[in-house]
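A short worksheet on the structure shown next.
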Amino acid sequence: MEQLKKENYLKKFSLLFILTAVSFTILILSFALYEIAKYRDIIYKEKAQHEYSQKKEQINKYYQNYKQLINSIKTNPLFTNYIKNPSKENLRNSTSLFESFVSYDKHITQLRYIDINGEEKIRIDRPNTNGDYKIIENLNLQNKEHRNYFEKSIKLSKNEVYISRIDLNIENKKIEIPYKPVLRFSVPIFEENKKTGILIINIFAEELLDSIKESKDFDITIYDQDKEVLVSNNNLQNEWTRYLKKERIKNTNSIIFEEFLIKSSDYENLFISFSSKNWLNRFLTFFDYKVFLLFALIIFIAFVSAYYLAKIPKKLFDRITSQQEILIQQSKTSAMGEMIAILAHQWRQPLNQISVLIQEIEFKKKLNLLSDEEFETISNKIKNSLSYMSHTINDFRDFLKPSKEKNQFNILDTIKNTLKLIDAKFLNDYVTCEIINNSKNSIKEYDLISYENEFKHVIINILNNSIDALKINTEENNKKITIELFNKKNIIIIKISDNGGGIEDSIKDKIFEPYKSTKEAQQGTGLGLYMSKLIIENNFHGKISAQNLDNKAVFTITLNKDLV
């Protein structure tokens, strides 16, 4: 019981509760994931369609916005006056008009007017979205007659708008780094039905593409009619494959939804595909902070529950221990009474002998018959009797002394010494006792390290029960107790039997319970065998049992030397 009391039940209960709670939660979440997985494709496809609609509307508005912007410049009086009369003043006014539009919209990288011969007449540049714009002077204006966008734009009818492919900006015949996606809008310019040139806007398209490819739930890829990838939010996917001569990473199995996005005038059709993110991203998306908070709450509740439940067995053990201490005290009191009775038996003969010797001294002294030799002889006999009594009281004192530390002792020798303690009781009740050693090896096999006095207590309890049974059920000349010892591979077995007729059937199965006595009510407390069981099982980690065999009561004690 003491061993159970000292165990850390809080740690065990906490671990048990946390494992149970977490396992139960994982089971529920797994079931939920299974149910969600069945409808995932449908749900994801509907969600992808919803995102697609938003992105398609966004890019259409973007394109429409710049179509309207270029048309508003085209029809502005400041610009039309310049087309009618390209004077210096009208040129300055048109340049100021262009400047106001560029300053208003940071996404405009170039705004130009190019005449019918391909000569740039007005040009304002911005190197990047965070940079300042600048007006290009006449000396730095270029001819764009052979540029693809000029050739296609100059052929358009009056109300048409040219929209280029989205490509990477090129400076000095090299792709500019960092990459700058550019989109061009242009319209032909007429004066009284006579074509005079084109108006063209170059737009930074990076923010547009970043916005289109952004998604928490999907890997999004934007590609053209030739399956060449423009951009993607999947880090494993190459971007701008046409311009950088890189290969597209093909993973069509994961595509949930794909659809046409928008068409340009430059024979470019853009498409968009939605793919499910990799399993780790899906897992982290599902197990967001709410789920982790749920786990933390479950663990907290489990620990608090374990803390309070762990106190229950401790309280029970403390209560049982308290009751056992009372029983132990009663048993010790009873055992002490029995030992005092045994001690009285041991001292009766030497006290009688001392009394007789003292009377002999007095008698011979009165008659002057006490010689020095006789006095010394009688004195030695008295000293021997007193020495015997002193030795006996020392044996009893050592037996009653509480065992706080283990010591090495020999089972066989201890049993012999125990018999000496109660030798007078054997003589008084005409009981013989035989010790049989069934081991053929050295008696050192019976060496043990444990509590010797507690073992003596067990042997005395069993022997006292046997003597009391013999007094009731056996003739005086046939009272016998046999103690047999066995040793098999570190297993010590002690069998104590008597020929007192065995244990009554009514108490045979309850003989080791407290207050179940084999003696008459006034003779026993019923705690001796109960205490013996506690000592053997708790302090020696062994076993004790009782049975009837051939009309004999047999008590068996089994000790494992490796466990003691």
Side-chain angles (χ1 to χ4, degrees), residues 1-9 314 317-318 320-336 338-339 342-343 391-422 435 437-439 441-465 483-496 512 514 527-546 555-564:
M1 184 57 65
E2 189 68 22
Q3 181 186 7
L4 291 174
K5 179 180 176 182
K6 290 183 179 179
E7 285 192 35
N8 189 349
Y9 279 87
K314 183 180 183 303
F317 294 151
D318 288 344
I320 292 171
T321 301
S322 177
Q323 292 176 347
Q324 282 195 349
E325 286 176 354
I326 295 173
L327 294 177
I328 290 169
Q329 189 59 40
Q330 292 178 358
S331 175
K332 285 182 177 179
T333 304
S334 175
M336 190 174 294
E338 291 181 356
M339 294 307 293
I342 294 171
L343 182 61
H391 179 73
T392 303
I393 197 66
N394 286 336
D395 288 342
F396 277 85
R397 182 187 60 193
D398 291 339
F399 169 72
L400 294 172
K401 187 186 299 181
S403 299
K404 294 183 179 180
E405 295 182 359
K406 293 182 178 182
N407 63 289
Q408 182 172 329
F409 64 95
N410 185 276
I411 292 286
L412 182 58
D413 292 338
T414 298
I415 291 175
K416 291 177 179 179
N417 292 332
T418 304
L419 291 178
K420 291 179 181 179
L421 284 175
I422 57 174
I435 299 176
N437 178 12
N438 288 293
S439 176
N441 300 318
S442 170
I443 62 169
K444 288 186 178 180
E445 290 183 328
Y446 296 116
D447 285 346
L448 203 64
I449 299 177
S450 191
Y451 305 102
E452 183 178 13
N453 281 350
E454 291 189 0
F455 182 75
K456 287 181 180 179
H457 197 169
V458 172
I459 299 300
I460 287 176
N461 282 338
I462 297 173
L463 292 176
N464 280 337
N465 273 277
I483 302 176
E484 292 187 83
L485 284 82
F486 305 84
N487 189 305
K488 297 179 180 178
K489 297 181 180 179
N490 281 346
I491 303 296
I492 299 173
I493 300 173
I494 304 107
K495 289 189 176 184
I496 303 174
F512 292 106
L527 293 174
L529 293 178
Y530 171 68
M531 287 304 306
S532 299
K533 182 177 178 67
L534 285 181
I535 291 170
I536 293 298
E537 291 183 352
N538 292 347
N539 293 354
F540 286 81
H541 304 289
K543 295 180 181 179
I544 184 170
S545 62
F555 288 84
T556 303
I557 299 172
T558 304
L559 304 176
N560 188 333
K561 293 176 70 174
D562 296 330
L563 298 179
V564 173

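Starting from 1, each residue takes its place in the sequence as its number.
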*Start with the C-alpha gap between Leu534 and Asn539, add the side-chain angles, then the distance that decides, and say whether side chain to side chain contact (heavy atoms under 4.5 Å, CB included) holds.*
CA-CA 8 Å; Leu534 285 181; Asn539 293 354; over 6 Å; no
*Using the side chain to side chain contact (heavy atoms under 4.5 Å, CB included) rule, take Ser439 and Tyr446 through it: C-alpha gap first, then chi angles, then the decisive distance, then the call.*
CA-CA 10 Å; Ser439 176; Tyr446 296 116; 3.2 Å; yes
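Of all heavy-atom pairs between Lys444 and Lys561, the closest is O-NZ, 4.2 Å.
Here Asp447 contributes atom CG and Gln408 contributes atom CD; the two are 5.0 Å apart, rounded to the nearest 0.5 Å. Interatomic distance, OG1 of Thr558 versus NZ of Lys543, reported as 7.5 Å (0.5 Å rounding). Going from atom CD of Glu452 over to atom OG1 of Thr414 covers 3.5 Å, rounded to the nearest 0.5 Å. The NZ atom of Lys495 sits 13.5 Å away from the CZ atom of Phe555 when rounded to the nearest 0.5 Å. Summarising the geometry, atom CG belonging to Asn461 is positioned 14.0 Å from atom NZ belonging to Lys456; distances are rounded to the nearest 0.5 Å. Distance check, rounded to the nearest 0.5 Å: CG of Asn437 to CD1 of Ile411 gives 12.0 Å.
Side-chain contact check for Leu463 versus Leu419: some heavy-atom pair is nearer than 4.5 Å. Residues Ile459 and Ile496 form a side-chain contact, since some pair of their non-hydrogen atoms from C-beta on lies under 4.5 Å apart.
Using bins of under 30°, 30° to 60° and over 60° for the plane-to-plane angle, the ring pair Phe455/Phe540 lands in the tilted bin.
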Under 3.5 Å, side-chain donor or acceptor atoms of residues 484-492 against the rest of the protein: list the pairs with distances, not counting sequence neighbours.
unit_1, atom_1, unit_2, atom_2, d
Glu484, OE1, Asn438, ND2, 3.3
Asn487, ND2, Glu445, O, 2.8
Asn490, ND2, Asp562, OD1, 3.4

